[in-house]
J.: 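Let me begin by handing over the structure; questions about it come next.
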Amino acid sequence: MSIPTTMRALVVEALAPDFGGCAVREVPTPTPRPGEVLVRVRAASVNFPDLLMTRGEYQLKPPLPFTPGLDLSGEVVALGEGVTSLAIGDAVVGGARLGGFAEYAVLPAEALKPKPARLSFAEGAAHGAAYLTAYVALVRRARLEPGEWVLVHGSAGGVGLAAVDMARALGARVIAASASDDKLEAVQALYAPDAVVNVTGGFRDRVKEITGGHGADVIYDPVGGDVFDESVRCVAFDGRLLVIGFTSGRIPTISANMPLIKGFSVVGVRAGEYGRQFPEKGRENSQAVWRMADEGLIRPHVHAEVPLDRWREAFNLLAERKVVGKAVIVP
């Protein structure tokens, strides 16, 4: 196929609230350098860091202007010098830290994997960051054992729903938590967790009841705030409270005597940074996630597929907590 000299991309031109600095622009199509690949993007999922970057509130603060988009799927259309692991026409999934919300994207060849045949392009794009986060959190950081109780907060969101799916595939007993009964019904229908809990009005007693007084061995918390505070009160002895993020907007604090008295660990999770610090383990993590997808052990849920021109709809689905699973932009 011929590659156009320009393409449409969502560009962050200024850091502003309510995505006020974002617009779809016609920009030059990138050219792959040695070791890189040009991909015709078929789908790119919306992640919470993408939203934070539009306001300059994420750890990564790229210089303006930039195109966000962590996870994508598509077809290889050009190869940089020295790339032999992929061929033109290959259907691939993967991502970098930027660039997904565009018609074409350049990525390092090593950042791409063959798209599992079981997954559509949209499902492939919905897989990467969320499931990698779940894997690193549960396997690497929590060292989850089969049969342990896992409490997943924000279970209807992208990283939460991935954790429900991943924990079940790893043989855990899963409690899905959310503040919405409608979302909990959707989670139950999609992945059949062992129990669901509405956190409105508190959840400590309900978790203790479900676990026979034991408490949750692993608590997966992308919410923070009050949810973290109460999680401290229903984590099991020798439990692991995983800090994934702070979608509630409040970064909680904890007195050091609480982990001491209750014998639990507070564990930070940064899946991407884990791979950068431990490159070999990072490659193993990625391979494990895609192998599980290829074998049908895990499968992401795509809430909506939205054209690039309507990117704001996809962003708002996530920002307003309306999404179950992932919203995907289709350039």
Side-chain angles (χ1 to χ4, degrees), residues 6-30 39 41-74 94-107 111 122 125-130 132-133 154 156-162 222-225 244-251 269-273 276 302-331:
T6 63
M7 66 174 188
R8 293 185 312 142
L10 177 63
V11 180
V12 180
E13 299 172 322
L15 303 178
D18 193 31
F19 319 124
C22 305
V24 173
R25 302 296 190 199
E26 194 80 13
V27 300
T29 303
V39 175
V41 179
R42 297 300 182 187
S45 66
V46 181
N47 294 284
F48 205 73
D50 298 319
L51 274 57
L52 293 176
M53 276 191 273
T54 70
R55 304 191 296 267
E57 296 175 0
Y58 191 57
Q59 298 99 311
L60 175 64
K61 295 177 171 59
L64 297 168
F66 67 89
T67 293
L70 292 168
D71 290 322
L72 60 83
S73 64
R97 305 174 87 181
L98 297 167
F101 301 142
E103 292 178 315
Y104 292 87
V106 162
L107 301 97
H127 219 287
L132 183 63
T133 298
V159 294
L161 199 60
V223 179
I244 311 298
F246 313 105
T247 60
S248 69
R250 179 170 73 84
I251 299 175
V269 179
R270 288 183 64 195
E273 187 61 25
R276 286 185 285 275
V302 176
H303 180 96
E305 298 181 42
V306 180
L308 180 61
D309 288 337
R310 289 163 41 202
W311 61 270
R312 184 176 284 274
E313 293 178 27
F315 276 32
N316 283 336
L317 281 171
L318 186 57
E320 297 170 6
R321 311 289 197 273
K322 294 179 179 178
V323 67
V324 175
K326 284 285 190 178
V328 172
I329 289 175
V330 182

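Basis for what follows: all heavy atoms, side chains included, without hydrogens, waters or symmetry-related copies.
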J.: Taking C-beta and beyond as the side chain, do E103 and V41 meet within less than 4.5 Å on heavy atoms?
T.: no
J.: If I compare all heavy atoms of A130 with all of G158, which pair ends up nearest, and what's the gap?
T.: CB-O, 3.6 Å
J.: On a heavy-atom basis, which atom in G224 and which in F246 lie closest, and how many Å separate them?
T.: CA-CD2, 4.2 Å
J.: Is the shortest heavy-atom distance from the side chain of T54 to the side chain of F315 under 4.5 Å?
T.: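 In contact.
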J.: Might you work through the side chain to side chain contact (heavy atoms under 4.5 Å, CB included) test for D18 and R312, ending with a clear yes or no?
T.: CA-CA 9 Å; D18 193 31; R312 184 176 284 274; 3.6 Å; yes
J.: For side chain to side chain contact (heavy atoms under 4.5 Å, CB included), just list the numbers for L15 and K61, CA-CA rounded to whole Å, side-chain angles, deciding distance to a tenth of an Å, and then say yes or no.
T.: CA-CA 10 Å; L15 303 178; K61 295 177 171 59; over 6 Å; no
J.: Quick one: closest heavy-atom pair of A43 and V328, and the distance?
T.: CB-CG1, 3.5 Å
J.: Looking only at atom types and distance, does a side-chain atom of T67 sit under 3.5 Å from a main-chain N or O of F101, one as donor and one as acceptor?
T.: no
J.: Please step through side chain to side chain contact (heavy atoms under 4.5 Å, CB included) for the pair R42 and V330, ending with a clear verdict.
T.: CA-CA 6 Å; R42 297 300 182 187; V330 182; over 6 Å; no
J.: How long is the straight-line distance from CZ of F19 back to CG of L51, given to the nearest 0.5 Å?
T.: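 The distance works out to 4.0 Å.
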J.: Quick check: does any side chain N or O of H303 sit under 3.5 Å from a backbone N or O of V324, one acting as donor and the other as acceptor?
T.: yes
J.: Is any side-chain heavy atom of P68 less than 4.5 Å from a side-chain heavy atom of V12?
T.: yes
J.: Please tell me if the side chains of R8 and R25 come closer than 4.5 Å, counting only heavy atoms from C-beta onward.
T.: no
J.: Does anything in residues 321-331 pair up under salt bridge (Lys or Arg N to Asp or Glu O under 4.0 Å), and if so which pairs, sequence neighbours excluded?
T.: E320-K322
J.: Considering non-hydrogen atoms only, spot the tightest contact between G69 and D50 and give its length.
T.: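 Residues G69 and D50, closest heavy atoms: N-OD1, 3.3 Å.
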J.: For T133 and A271, indicate whether the former's side chain and the latter's backbone hold a donor-acceptor pair under 3.5 Å.
T.: no
J.: Check the pair Q59 / R270 against side chain to side chain contact (heavy atoms under 4.5 Å, CB included), numbers first and verdict last.
T.: CA-CA 11 Å; Q59 298 99 311; R270 288 183 64 195; 3.7 Å; yes
J.: Do M7 and P30 have side chains that get closer than 4.5 Å, going by heavy atoms?
T.: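 A side-chain contact under 4.5 Å exists here.
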J.: Could you tell me which non-hydrogen atom of A102 sits nearest to which non-hydrogen atom of A9, and how far apart they are?
T.: CB-CB, 3.5 Å
J.: Using atom types as modelled and distance alone, determine if a side-chain donor or acceptor of T29 lies under 3.5 Å from a backbone N or O of T6.
T.: yes
J.: Can you find a heavy atom in the side chain of L72 that is under 4.5 Å from one in the side chain of L107?
T.: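 Yes, at least one pair of side-chain atoms sits under 4.5 Å.
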J.: Compare every heavy atom of A129 with every heavy atom of D71, then report the nearest pair and how far apart it is.
T.: OD2-N, 2.7 Å
J.: Within the distance-only criterion (no hydrogens, no angle test), does the side chain of N316 pair as donor or acceptor with the backbone N or O of E313 below 3.5 angstrom?
T.: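 A pair under 3.5 Å: no.
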